[in-house]
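Remember, it's 1-based here, ligands and their atoms both numbered in the order they're listed.
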Amino acid sequence: MKLLVTGGAGFIGSNFIRYFLDAHPDCSVLNLDKLTYAANLDNLSEVASRANYQFVQGDICDPELVGSLLRQDVEAVVHFAAETHVDRSIADARAFVETNVVGTYTLLEAARRKGVRRFLHVSTDEVYGSLAPGREADEQAPLQPSSPYAASKASSDLLVRSFCRTYGFPAVITRCSNNYGPYQFPEKLLPLMITNALEGKKLPIYGDGLNERDWVFVEDHCRALDRVLDAGRPGEVYNVGLGKPATNLEVVRMVLRILEVSQDQIEFVIDRPGHDRRYAVDTGKIRRELGWEPKVDLEEGLARAVKWYRSHSDWVKKAKSGEYRLYYERFYGNRRASLTQL
Ligand code: NAD
Ligand code: DAU
């Protein structure tokens with residue numbers, strides 16, 4: 001089978017391509033990625049020279065390009081490409097609407113015309129919004145996105161749903177909780193905390209640090225995507241998660257303990273506007289229907305992630321240079337300053 005993977009040079013996409021080509025050496029992958037600030041082709045150096053892997057730099061919003069790639073005997077699409085950082089969407093949501101909404105529409109329309117066998121839309125648990133303590137969102141829960149990022153993903157989910165119902169388009173949607181692991185861009189909580197701790201820098205925690213997220217090791221997410229691609233029912237949504245939400249403070253303290261770094265490096269900064277308090281998904285459907293179970297618990301996953309960032313200092317240095325440095329200084333500088341003015 002030949003797959004078109006979009007956004008394969010980012011965090012989850014690159015982990016998925018490596019996982020998929022190892023698990024299915026008879027299949028091939030065509031990776032379409034615009035190479036935004038979050039992408040890094042080094043993430044794919046292990047597979048770059050394989051005969052069954054090909055990379056094309058381009059935008060999913062470009063209908064001619066997407067159409068011509070799909071005509072290269074592509075049977076299935078796995079759609080990761082997106083703008084993904086909530087804080088950036090709060091600062092300026094335009095690119096989120098363009099890529100996540102218009103880009104997804106462009107891809108859907110081209111894939112429908114081509115008649116692909118399967119379209120896997122990689123979405124997020126953030127579309128359900130913040131959940132009260134003790135509650136879990138199942139796949140029927142209302143979409144109540146809080147951030148412009150989450151709203152753009154929810155919009156793309158609705159477009160996918162409409163294509164399934166109107167055209168009988170063979171799409172499936174996954175909604176996974178927070179991922180972590182190797183190759184994650186260090187603007188996201190865990191790689192930021194691990195690398196800052198290793199560099200002796202402060203660890204900025206928003207608000208009171210009691211917001212809860214359900215952390216999934218990226219390899220577990222990749223296995224779930226592979227199962228859904230293979231056996232998910234068209235038109236259906238599958239939640240993916242560990243089912244064990246933890247507060248940001250708990251998770252960051254675990255990282256500091258693994259690294260044997262002082263808890264004093266934690267610094268509380270002004271909260272994210274509209275900050276969702278708690279995410280939690282009911283994952284009964286994927287477990288029952290597709291037999292997927294997560295294999296990596298938080299303790300093991302954090303130890304593996306810390307080990308990876310520790311041994312990939314060149315990757316971290318590159319990721320934290322250029323545009324990132326400006327973003328980081330401006331963003332966290334503002335947060336600290338606003339806090340001292342309170
Ligand atoms: P990422 O930011 O690390 O990577 C996104 C990739 O998409 C980058 O390589 C970027 O260059 C590419 N891209 C962006 N705009 C593009 C465009 N217009 N055309 C082509 N390529 C483009 O993202 P990630 O964290 O790996 O997330 C991948 C997908 O998984 C996203 O759809 C995200 O919503 C979803 N997701 C992420 C998480 C998480 O915790 N990171 C959890 C659940 C779902
Ligand atoms: O739930 C899935 C989603 O997880 C994905 O769809 C998103 O693409 C991904 O970015 C992630 O969203 P979050 O907003 O949950 O992730 P982030 O890593 O930005 O933040 C995780 C938590 O940590 C959140 O409560 C905010 C907090 N945080 C984050 C950063 C970057 C801090 O306290 N300090 C920080 O510096």
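Atom CZ of Arg113 is surrounded by 12 or fewer heavy atoms from other residues, nucleotides or ligands within 6.0 Å.
The protein heavy-atom contact nearest to atom 10 (C) of ligand 1 is Thr36 OG1, 3.3 Å.
Remark: distances from the non-hydrogen atoms of Lys153 to ligand 2 are all 4.0 Å or more. The closest approach between a heavy atom of Phe185 and any atom of ligand 1 is not below 4.0 Å. Using a 4.0 angstrom heavy-atom cutoff, Glu212 does not count as in contact with ligand 2. Residue contacts with ligand 1 leave out Gly103, since none of its heavy atoms falls under 4.0 Å from the ligand. By the 4.0 Å heavy-atom criterion, Tyr149 is counted among the residues contacting ligand 1.
Checked against a 3.5 angstrom limit, the closest N/O atoms of Asn179 and ligand 1 fall inside it. In terms of polar-atom proximity, Cys61 is not counted as a contact of ligand 1, lacking any N or O under 3.5 Å from an N or O of the ligand. In terms of polar-atom proximity, defined here as any N/O pair under 3.5 Å, Cys176 makes no such contact with ligand 1. Checked against a 3.5 angstrom limit, the closest N/O atoms of Glu83 and ligand 1 fall outside it. Backbone and side-chain nitrogen or oxygen atoms of Leu32 are examined, and none is located within less than 3.5 angstrom of a nitrogen or oxygen of ligand 1. Of the N or O atoms in Asp59, one or more lie within a sub-3.5 Å distance of an N or O in ligand 1. Between Ile60 and ligand 1, at least one pair of N/O atoms sits closer than 3.5 Å. Considering backbone and side-chain N/O of Glu126, one or more are found under 3.5 Å from N/O of ligand 2. The distance criterion of under 3.5 Å between nitrogen or oxygen atoms is met by Phe80 with respect to ligand 1.
At a heavy-atom distance under 4.0 Å, only side-chain atoms of Leu192, from C-beta outward, approach ligand 2. Contact annotation for Asn178 and ligand 2: heavy atoms of both the backbone and the side chain come within less than 4.0 Å of the ligand.
Every atom of ligand 2 is numbered from 1 in the order shown, and the set under 4.0 Å from a heavy atom of Tyr149 is 5 (C), 6 (O), 7 (C), 8 (O). The ligand atoms of ligand 1 that sit less than 4.0 angstrom from a heavy atom of Ala38 are 2 (O). Listed by number with element, the atoms of ligand 1 under 4.0 angstrom from any heavy atom of Ala82 are 5 (C), 7 (O), 14 (C), 31 (C), 32 (O). Shown in contact with Asn178 at under 4.0 Å from a heavy atom are these atoms of ligand 1, numbered in order with element: 40 (O). Every atom of ligand 1 with a heavy atom of Ser123 under 4.0 Å away is listed here by number and element: 43 (C), 44 (C). Every atom of ligand 2 with a heavy atom of His85 under 4.0 Å away is listed here by number and element: 19 (O). Short contacts between ligand 1 and Lys153, defined as distances under 4.0 Å to a heavy atom of the residue, involve ligand atoms 31 (C), 32 (O), 33 (C), 34 (O). Every atom of ligand 1 with a heavy atom of Thr84 under 4.0 Å away is listed here by number and element: 1 (P), 2 (O), 23 (O), 27 (O), 31 (C), 33 (C). Near Asn248, meaning under 4.0 Å from any of its heavy atoms, are these atoms of ligand 2: 22 (C), 23 (O), 24 (C), 25 (O), 27 (C).
Arg118 contributes a side-chain N or O that, together with a main-chain N or O of Leu229, makes up a donor-acceptor pair within less than 3.5 Å. For the pair Asn100 (side chain) and Ala82 (backbone), a donor-acceptor distance under 3.5 Å is absent. Put simply, the side chain of Asp214 never gets that close to the backbone of Gly241: no donor and acceptor are under 3.5 Å apart. With Thr166 contributing its side chain and Phe163 its backbone, the two residues share no donor-acceptor pair below 3.5 Å.
Under the 30°/60° scheme for interplanar angles, the aromatic rings of Phe217 and Tyr180 are found to stand perpendicular.
For the side chain to side chain donor-acceptor pair (under 3.5 Å) test with Arg175, the passing option among Asp157, Thr124, Asp125, Thr283 is Asp157; the others fail.
Judged by the 6.0 Å distance and 45° axis criteria, Arg135 is not positioned over the aromatic ring of Tyr128.
For His121 and Ser156, the side-chain atoms include at least one donor-acceptor pair closer than 3.5 Å.
Proximity of Arg71 to Ser68: side-chain heavy atoms (C-beta onward) are separated by under 4.5 Å at one or more points.
Remark: among candidates Thr247, Leu189, Asp276, Asn211, the nearest residue to atom 28 (N) of ligand 2 is Leu189, based on non-hydrogen atoms.
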